[in-house]
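Just so we're on the same page: letters track the sequence lines, and every chain starts at 1. Because the structure is predicted, anything quoted here is derived from the model rather than measured. Values below: all heavy atoms of this structure, side chains included; hydrogens, waters and symmetry mates excluded.
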Number of protein chains: 2
Amino acid sequence: MVRWQPGAADRLRIAALDLFEEHGYDQTTVAGIADRAGVTERTFYRHFPDKREVLFAGSEQLAERASAAVSAAPQGAAPSLLVDAALAGLAESFPDERRPFSRRRQARLDSEPALRERELLKLSTLKGTLVGALAARGASAPAATMTAEAVLSVFHVAFLRWIEEDQQRSMAELQQEALAELRAALGGAGTSAEEGR
Amino acid sequence: MVRWQPGAADRLRIAALDLFEEHGYDQTTVAGIADRAGVTERTFYRHFPDKREVLFAGSEQLAERASAAVSAAPQGAAPSLLVDAALAGLAESFPDERRPFSRRRQARLDSEPALRERELLKLSTLKGTLVGALAARGASAPAATMTAEAVLSVFHVAFLRWIEEDQQRSMAELQQEALAELRAALGGAGTSAEEGR
DNA sequence: GTCTATAGTGCGATAGAC
DNA sequence: GTCTATCGCACTATAGAC
């Protein structure tokens with residue numbers, strides 16, 4: 001008889017999402033989540049610093065991948081290439097298999113202010129990481145900030161479409177679409193050259 | 001002998017800020033804040049829904065003033081006029097007397113993630129309010145979003161300068177400066193006509 | 001104003017992997 | 001033996017209910 005089954009963190013994540021859907025975030029206790037996952041409350045806190053975090057663990061990976069992709073770009077690369085790289089890095093965290101889970105998770109984030117709050121903090125941190133990576137690739141501080149904001153804006157629009165019902169297209173595809181829309185909305189030069197590439 | 005002094009909410013705000021500075025946010029208890037303000041813990045929660053909120057009460061007023069200023073603009077007014085209006089509305093909440101308090105408050109927000117989190121939520125709400133007000137003045141949805149983001153960006157830069165040590169200029173002045181910088185950074189037409197006004 | 005549920009922490013004990 | 005995940009229990013503070 002084993003003392004503990006592996007994958008406690010994953011079981012806790014699933015149990016939490018299930019219970020949040022069934023009874024709402026407030027009405028779900030950490031003890032209840034732990035119970036369903038077959039561990040004690042104390043073990044929950046070994047894996048997650050607080051109740052909200054159970055739906056956010058892994059968000060550091062998102063930032064790491066995005067900044068790694070940017071860092072892999074050649075020094076002094078054109079801003080548009082850095083945008084492409086950052087988006088590609090982000091897309092890695094959203095394979096098609098993850099879609100159902102992301103959909104359910106997002107529905108919870110939207111309906112619970114406490115979770116929305118945490119989401120904003122994570123996005124803010126992600127933005128900071130991106131700004132740092134972009135600056136390291138030669139972007140000026142204001143350019144890095146604006147570029148990061150553009151990346152997150154595109155990412156956000158694409159993500160919302162990605163989790164729509166019946167959506168079949170991949171995150172990468174939807175990001176390309178949203179980026180094209182943003183470029184079109186902004187107008188100006190610098191775009192046509194890219195398209196001919 | 002009076003049973004209670006008026007201005008309990010204000011006293012609680014000051015007491016909280018004092019204690020957060022002295023012992024840190026986590027180490028400060030609501031009971032301690034209430035004590036210093038001369039009320040009971042229960043009274044604290046009558047004024048503020050939770051511990052974090054003690055530094056945020058009044059943020060609705062910020063949104064109200066900004067959207068009121070936008071709503072006062074003529075229907076179909078040029079976007080740049082709406083930006084000016086929104087900024088003017090925001091500046092009302094930052095008279096020079098408030099500067100020392102804002103400075104201390106911001107230092108706490110920056111140093112405590114739990115407070116930063118709440119700040120981001122408030123800014124997100126403010127942005128939503130602004131988008132609504134701008135849309136009501138005839139801006140398209142994407143335009144309203146981008147305009148609101150630009151307003152908040154200018155506001156943010158100006159606010160950071162406003163709370164710098166030895167800063168003498170008013171919030172309104174600093175916002176004008178930051179707006180000019182943003183316009184310059186974005187380049188393009190539509191700016192010179194305004195300046196000649 | 002009092003009472004209570006629950007979030008979250010600190011610390012020691014324990015079981016299994018290596 | 002060490003290392004790591006878990007458990008158990010006592011405890012404080014937040015926040016809401018009565």
Side-chain angles (χ1 to χ4, degrees), chain A residues 1-59 108-109 111-119 121-122, chain B residues 1-6 8-9 11-13 15-57 59 108-109 111-119 121-122:
Chain A
M1 181 63 184
V2 293
R3 180 180 161 103
W4 46 270
Q5 297 292 328
D10 276 337
R11 290 202 315 280
L12 285 165
R13 269 188 276 268
I14 305 290
L17 190 49
D18 287 346
L19 291 172
F20 292 167
E21 286 172 349
E22 289 171 27
H23 312 116
Y25 177 83
D26 285 336
Q27 292 308 309
T28 302
T29 68
V30 172
I33 298 168
D35 247 31
R36 179 180 287 219
V39 296
T40 65
E41 194 175 344
R42 200 68 191 77
T43 298
F44 178 96
Y45 287 108
R46 176 167 311 283
H47 289 278
F48 309 103
D50 63 51
K51 186 178 168 185
R52 301 171 185 195
E53 205 67 17
V54 71
L55 289 188
F56 290 93
S59 66
R108 285 309 100 202
L109 300 200
S111 65
E112 174 57 44
L115 295 173
R116 230 177 88 61
E117 205 169 46
R118 180 59 53 86
E119 186 192 17
L121 184 63
K122 296 289 181 182
Chain B
M1 182 63 186
V2 293
R3 185 184 164 111
W4 47 269
Q5 298 293 327
R11 291 204 313 282
L12 285 165
R13 270 187 274 269
L17 191 49
D18 287 346
L19 291 172
F20 292 167
E21 286 172 350
E22 289 171 28
H23 311 116
Y25 178 82
D26 285 335
Q27 292 308 309
T28 301
T29 68
V30 172
I33 298 169
D35 245 34
R36 179 181 286 219
V39 298
T40 67
E41 197 174 340
R42 189 72 185 74
T43 300
F44 178 96
Y45 286 108
R46 280 198 335 105
H47 289 279
F48 310 101
D50 64 50
K51 184 178 166 185
R52 300 173 185 193
E53 207 67 17
V54 71
L55 289 188
F56 290 93
S59 65
R108 286 309 100 203
L109 301 199
S111 65
E112 176 56 45
L115 295 174
R116 229 177 90 58
E117 206 170 46
R118 181 58 52 85
E119 186 192 18
L121 185 64
K122 296 291 182 183

dA5(D) OP1/OP2 closer than 4.0 Å to side-chain N/O of His47(A): no
Short side-chain N/O contact to dC7(D) OP1/OP2 from Thr43(A), under 4.0 Å: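 Answer yes for this pair, as a side-chain N or O of Thr43(A) is under 4.0 Å from OP1 or OP2.
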First encountered from the 5' end of DNA chain D, between Ala9(A) and Thr29(B):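 On the 5' side of the pair lies Ala9(A).
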Separation of [X] atom [atom1] from [N] atom [atom2], in whole Å?
X: Arg11(A); N: dA5(D); atom1: CZ; atom2: C1'; answer: 12 Å
X: Gln27(A); N: dA7(C); atom1: CD; atom2: P; answer: 10 Å
X: Arg52(B); N: dA7(C); atom1: CZ; atom2: P; answer: 15 Å
X: Phe48(B); N: dT14(D); atom1: CZ; atom2: C1'; answer: 16 Å
X: Ile33(B); N: dA15(D); atom1: CD1; atom2: P; answer: 10 Å
X: Tyr45(A); N: dT6(C); atom1: OH; atom2: P; answer: 12 Å
X: Asp26(B); N: dG10(C); atom1: CG; atom2: C1'; answer: 15 Å
X: Arg46(A); N: dG8(D); atom1: CZ; atom2: C1'; answer: 12 Å

Verdict with supporting geometry, Lys122(A) and Glu53(A), salt bridge (Lys or Arg N to Asp or Glu O under 4.0 Å): CA-CA 10 Å; Lys122(A) 296 289 181 182; Glu53(A) 205 67 17; 2.5 Å; yes
hbond_proxy Arg42(A) side chain to dG10(C) base (donor-acceptor, 3.5 Å cutoff): yes
Non-hydrogen atoms of Arg13(B) and Val54(B) that approach each other most closely: CG-O, 3.1 Å
Distance-minimising heavy-atom pair for Ala114(B) and Tyr25(B): CB-CE2, 4.2 Å
Within 6.0 angstrom of Arg11(B) CZ, more than 12 heavy atoms from elsewhere: yes
Minimum-distance nucleotide to Thr40(B) side chain [options: dG1(C), dA15(D), dT6(D)]: dG1(C)
